[in-house]
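Quick caveat: nothing in here was measured; it's all calculated off a predicted structure.
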Amino acid sequence: MRKHRPGASARRRAGPLAAVVLALLFLAPAAAEEGAVTSPAIAMRGAPALPPDFPALPYANPEAPRGGRLDLSMIGTFDSLNPFIVKGSAPVFLRGYVVESLMARSLDEPFTLYPLLARAVTTDAARSFVTFSLDPRARFANGDPVTSADVLFSFALMRDMGRPNHRLYYAKVAKAEAPDTLTVRFTFTEPDRELPLIMGLMPVFDASTIDTSHFEETNLSPLVGSGPYRIGAVDAGSSITLEKRADYWGRDLPVNRGLYNFDAVRFSYFRDVNTEFEAFKKGLVDARFENDPGRWETGYDFPAARTGQVVRETIPTGTPKPYSAFVFNTRRSLFSDIRVRRAMIELFDFEWLDRSFYHGLYRRTASFFEGSDLAAPGHKADARELAILAPYPDAVVPDVLAGTYRPPASDGSGRDRARLRAAIDLLAEAGWELRKGVMVKAETGAPLAFEIMVATREQERLAVAYAGQLKRAGINALVRFVDAVQFDARRSAYEFDMVPNVWAQSLSPGNEQAFYFGAAAADTPGTRNYMGAKAPAIDAAIAALLAAGELDDYVAAARALDRVLISGAYGVPLFHTPGQWLARWTRIARPERASLYGTLPETWWRVPGH
């Protein structure tokens with residue numbers, strides 16, 4: 001097989017980054033470490049659940065019919081086709097469908113990777129390095145082979161120009177080497193149990209197609225990937241159609257059997273959920289995940305649903321429930337005082353909202369790892385947790401340490417005087433007082449006012465209801481509705497007072513927690529540390545999470561992190577659904593067995609004859 005090296009024109013486009021990659025390409029690898037093991041799969045902890053000869057992922061149907069088109073919907077718009085950079089609003093689904101990674105994640109295990117672009121992985125017990133052996137069959141959509149030069153190029157590109165999470169993770173690589181065209185090795189600055197898997201999920205680009213001088217710019221130029229689809233028709237801001245590659249190299253890999261069954265997948269964008277739902281009712285959208293309990297309870301009484309052409313399903317999930325909250329921006333002086341934040345948490349009347357707006361279908365979220373063994377509520381801190389938290393005696397409040405914490409509960413009347421008094425008392429401690437029905441700063445008379453930024457009508461409805469609850473304490477919360485692009489831009493730049501957000505957690509939290517909550521991420525635009533948390537106890541818990549080798553130590557570190565985050569009162573905790581709500585036209589079928597994350601569109605198929 002020929003060695004793939006970018007030609008002169010490609011090197012000129014790629015600039016100095018490509019030169020660095022080419023210089024690294026033929027460096028001799030370090031000697032193999034004693035105890036290093038090579039295998040086709042790698043798990044964060046323990047052994048992979050599937051044997052080396054597994055036929056397909058357990059939540060896929062390898063006999064699924066192929067063909068037809070799947071029509072899905074998205075809320076908002078897009079102005080870019082590059083989801084790997086900070087600028088612009090780009091479709092996240094391009095990763096996986098179009099751009100592949102070295103290995104593929106099984107969504108039926110906490111964190112395990114199986115062969116994709118790489119057919120084998122080598123690491124040592126300490127996980128101080130990782131080596132990937134590429135599959136010689138792997139090809140990009142333009143026919144170019146996937147080589148170690150492309151992998152090193154992609155690594156350097158994401159490290160220097162990618163999103164902040166890539167820059168954060170890849171900065172932990174001390175050395176990147178390629179002894180030959182099908183082998184890449186990454187040596188870490190220090191051992192890290194998770195980092196080999198993070199490197200395995202690195203997106204891989206064709207080096208000869210990337211112009212690094214413009215990579216960070218927002219544009220609608222399609223990326224060339226090695227995935228099962230290529231980007232077809234694009235209606236800027238309105239729709240994207242992905243076309244199945246007839247020459248897709250990995251169609252018969254076990255991780256792909258039963259996946260990507262449609263000849264085309266079309267994603268249509270809608271400005272608001274009501275318009276999107278009407279399109280679904282008319283059959284213009286094949287399936288949708290519902291997140292509005294009111295609509296789930298009463299909105300599906302239309303002809304196709306009554307005749308059975310549209311079905312609704314509640315699908316259990318095995319992962320932590322998403323943590324949703326109205327997030328305080330603690331970079332703002334108003335919200336730098338934890339007493340103010342706690343007061344506003346007291347004023348959120350979930351019981352009244354759930355009964356009045358949501359038909360009692362929601363459950364209150366108390367933990368960042370709700371519904372899993374990693375959640376702290378319900379568990380008293382054990383000796384392992386206390387050892388992590390010992391240097392930070394004020395980081396966790398007593399009821400959280402004891403495991404008895406629950407978010408404040410009201411009497412459900414919408415006018416709970418006990419909750420109101422608790423909030424006013426907290427505000428008084430922080431130097432605020434109620435004057436003629438307005439909460440003002442005692443020293444200056446300045447009113448307590450702020451803005452809640454939202455991007456959907458559902459968020460607006462909830463924010464307006466919450467603003468009404470705050471008004472009882474004399475607090476003026478202005479609800480600001482902005483479009484999706486402005487919302488993403490302002491949220492990424494931390495230009496807001498309060499914003500709704502959802503953190504989706506896995507059963508194997510790790511390095512991404514620093515991206516979500518670490519001090520280094522607080523002042524880095526584009527991270528998910530929207531609250532601006534800067535707490536040494538958070539960083540210590542994350543470090544313990546990453547260092548944990550045994551399951552008991554890992555659970556203790558996760559619970560310690562949960563306790564510090566809960567105690568920090570960084571947001572008004574909201575609620576979650578009891579499962580995954582899916583509505584679909586029966587022309588679309590799915591495997592009966594769902595993954596831990598619920599059902600996945602890439603596992604669906606079109607029923608023959610429909």
* Asked: Regarding Gln513 and Gln505, is there a side-chain donor-to-acceptor distance under 3.5 Å anywhere?
  -> yes

* To do: Determine, stepwise, if the pair Trp604 / Thr599 fulfils side chain to side chain donor-acceptor pair (under 3.5 Å).
  => CA-CA 9 Å; Trp604 302 345; Thr599 189; 2.9 Å; yes

* Using modelled atom types only, decide if a donor and an acceptor are shared between the side chain of Ser154 and the backbone of Asp150 within a distance under 3.5 Å. => yes

* **Nearest-0.5 Å distance, CZ of residue Phe262 to CH2 of residue Trp605** => 9.0 Å

* Asked: Taking only residues two or more places apart in sequence, or in another chain, which ones meet Leu600 in a side-chain contact (heavy atoms from CB on, under 4.5 Å)?
  -> Tyr59, Leu107, Ser595, Glu602, Thr603

* Just say parallel, tilted or perpendicular for the rings of Trp585 and Phe280, cut-offs at 30° and 60°. => perpendicular

* Is there a side-chain contact between Val146 and Val204, using heavy atoms and a 4.5 Å cut-off? -> yes

* **Any donor-acceptor N or O pair under 3.5 Å, side chains Lys172, Asn511** => yes

* Heavy-atom closest contact (Gly510 atom, Leu546 atom, distance) -> C-CD2, 3.5 Å

* Could you tell me whether a side-chain N or O of Glu276 sits under 3.5 Å from a main-chain N or O of Asp272, the two making a donor and an acceptor? => no

* Test Asp108 against Arg593 for side chain to side chain contact (heavy atoms under 4.5 Å, CB included), laying out the working first. => CA-CA 11 Å; Asp108 220 41; Arg593 166 109 151 61; 2.5 Å; yes

* Determine, for Arg288 against Glu290, whether the closest basic-nitrogen to carboxylate-oxygen distance falls under 4.0 angstrom. => yes

* **Side-chain donor-acceptor contact under 3.5 Å, Asp211 with Ser213** => yes

* Asked: Under 4.5 Å between any side-chain heavy atoms of His166 and Pro203, yes or no?
  -> yes

* Give a yes or no on whether the backbone of Pro136 and the side-chain of Arg139 come within a donor-acceptor separation of less than 3.5 Å. => yes

* Asked: Do the ring planes of Tyr97 and Tyr229 sit parallel (below 30°), tilted (30 to 60°) or perpendicular (above 60°)?
  -> tilted

* To do: Give the minimum heavy-atom separation between Phe515 and Asn165, together with the two atoms involved.
  => CE1-N, 3.1 Å

* To do: Using modelled atom types only, decide if a donor and an acceptor are shared between the side chain of Asp79 and the backbone of Ser89 within a distance under 3.5 Å.
  => yes

* Over all atoms of both residues, closest heavy-atom pair of Leu117 and Ser226 -> CD2-OG, 3.6 Å

* Between His576 and Tyr323, is any pair of side-chain heavy atoms under 4.5 Å apart? -> no

* Test side chain to side chain contact (heavy atoms under 4.5 Å, CB included) applied to Arg66 and Asp263, step by step -> CA-CA 7 Å; Arg66 305 260 176 162; Asp263 289 338; 5.5 Å; no

* **Thr586 versus Arg584, side-chain donor and acceptor atoms under 3.5 Å** => no

* **Face-on cation placement of Arg185 at Phe132 ring, 6.0 Å and 45° thresholds** => no

* To do: Might you confirm whether atom CZ of Arg528 has over 12 heavy atoms from other residues, nucleotides or ligands at distances under 6.0 Å?
  => no

* Answer yes or no: is there a side-chain heavy-atom contact under 4.5 Å between Asn261 and Pro65? => no

* Side-chain contact, heavy-atom cut-off 4.5 Å: Tyr114 with Ser106? -> yes

* Asked: Do the ring planes of Phe517 and Phe368 sit parallel (below 30°), tilted (30 to 60°) or perpendicular (above 60°)?
  -> perpendicular

* Does the side chain of Pro58 come within less than 4.5 Å of Leu50's, by heavy atoms? -> yes

* Are Arg331 and Asn329 linked by a side-chain donor-acceptor pair shorter than 3.5 Å? -> yes

* Are Ile315 and Arg590 side-chain neighbours, meaning at least one heavy-atom pair lies under 4.5 Å? -> yes

* **Verdict with supporting geometry, Ser101 and Met202, side chain to side chain contact (heavy atoms under 4.5 Å, CB included)** => CA-CA 5 Å; Ser101 53; Met202 181 176 66; 5.7 Å; no

* To do: Look at the aromatic rings of Tyr269 and Phe93 and report parallel, tilted or perpendicular, splitting at 30° and 60°.
  => tilted

* Using only heavy-atom distances, determine whether the side chains of Gln580 and Thr317 contain a donor-acceptor pair under 3.5 Å. => no

* **Heavy-atom closest contact (Ile75 atom, Arg271 atom, distance)** => CG2-O, 4.2 Å

* So Phe215 and Phe84, ring pair (Phe, Tyr, Trp, His ring centres under 6.0 Å) or not? Walk me through it. -> CA-CA 9 Å; Phe215 183 77; Phe84 302 99; 7.6 Å; no

* Structure fact -> Value for CG (Leu116) from CG (Asp135), rounded to nearest 0.5 Å, stands at 9.0 Å

* Structure fact -> The reported gap from CD1 in Ile240 to CE in Met74 (rounded to nearest 0.5 angstrom) is 8.5 Å

* Enter the distance from Leu223:CG to Ile210:CD1 here, rounded to the nearest 0.5 Å. => 5.5 Å

* Asked: Do Thr218 and Ser80 have a side chain donor and acceptor closer than 3.5 Å?
  -> no

* Atom pair OH (Tyr516) and CD1 (Ile538), whose distance is rounded to the nearest 0.5 Å -> 14.5 Å

* To do: Ignoring hydrogens and angles, state whether a donor on the side chain of Asn142 or Asp206 is under 3.5 Å from an acceptor on the partner side chain.
  => yes

* Evaluate the side chain to side chain contact (heavy atoms under 4.5 Å, CB included) criterion for residues Thr241 and Phe267: first the C-alpha distance (whole Å), next the side-chain angles of each, then the deciding distance (0.1 Å), finally the verdict. => CA-CA 6 Å; Thr241 299; Phe267 294 86; over 6 Å; no

* To do: Mind listing the closest non-hydrogen atom pair of Tyr597 and Ser506 along with its distance?
  => OH-CB, 3.1 Å

* **Phe496 and Phe487: CA distance, side-chain angles, deciding distance, ring pair (Phe, Tyr, Trp, His ring centres under 6.0 Å) verdict** => CA-CA 9 Å; Phe496 62 85; Phe487 182 88; 8.3 Å; no

* If you draw a 6.0 Å radius around CD in Glu190, do more than 12 non-hydrogen atoms from other residues or ligands fall strictly inside? -> no

* Asked: Looking only at atom types and distance, does a side-chain atom of Asn529 sit under 3.5 Å from a main-chain N or O of Ala533, one as donor and one as acceptor?
  -> yes

* To do: Please determine, by modelled atom types, if Tyr494 and Thr524 share a side-chain donor-acceptor pair under 3.5 angstrom.
  => no

* Hey, is the main chain of Pro228 close enough, under 3.5 Å, to the side chain of Lys244 for a donor-acceptor pair? -> no

* To do: Would you check if the side chain of Arg257 reaches a backbone N or O of Ala56 as a donor-acceptor pair within less than 3.5 Å?
  => no

* Asked: Is any side-chain heavy atom of Leu182 closer than 4.5 Å to a side-chain heavy atom of Thr147?
  -> no

* Sub-3.5 Å donor-acceptor pair from the side chain of Asp124 to the main-chain atoms of Arg127, do we have one? -> yes

* To do: Before giving the answer on side chain to side chain donor-acceptor pair (under 3.5 Å), spell out for Asn256 and Tyr248 the whole-Å C-alpha distance, their side-chain angles and the decisive distance to 0.1 Å.
  => CA-CA 11 Å; Asn256 287 329; Tyr248 174 49; 2.9 Å; yes

* **Phe186/Phe129 under ring pair (Phe, Tyr, Trp, His ring centres under 6.0 Å): CA gap, chis, key distance, verdict** => CA-CA 6 Å; Phe186 300 102; Phe129 78 97; over 10 Å; no

* For Arg480, look at atom CZ and say whether over 12 heavy atoms of other residues, nucleotides or ligands are found less than 6.0 Å away. => no

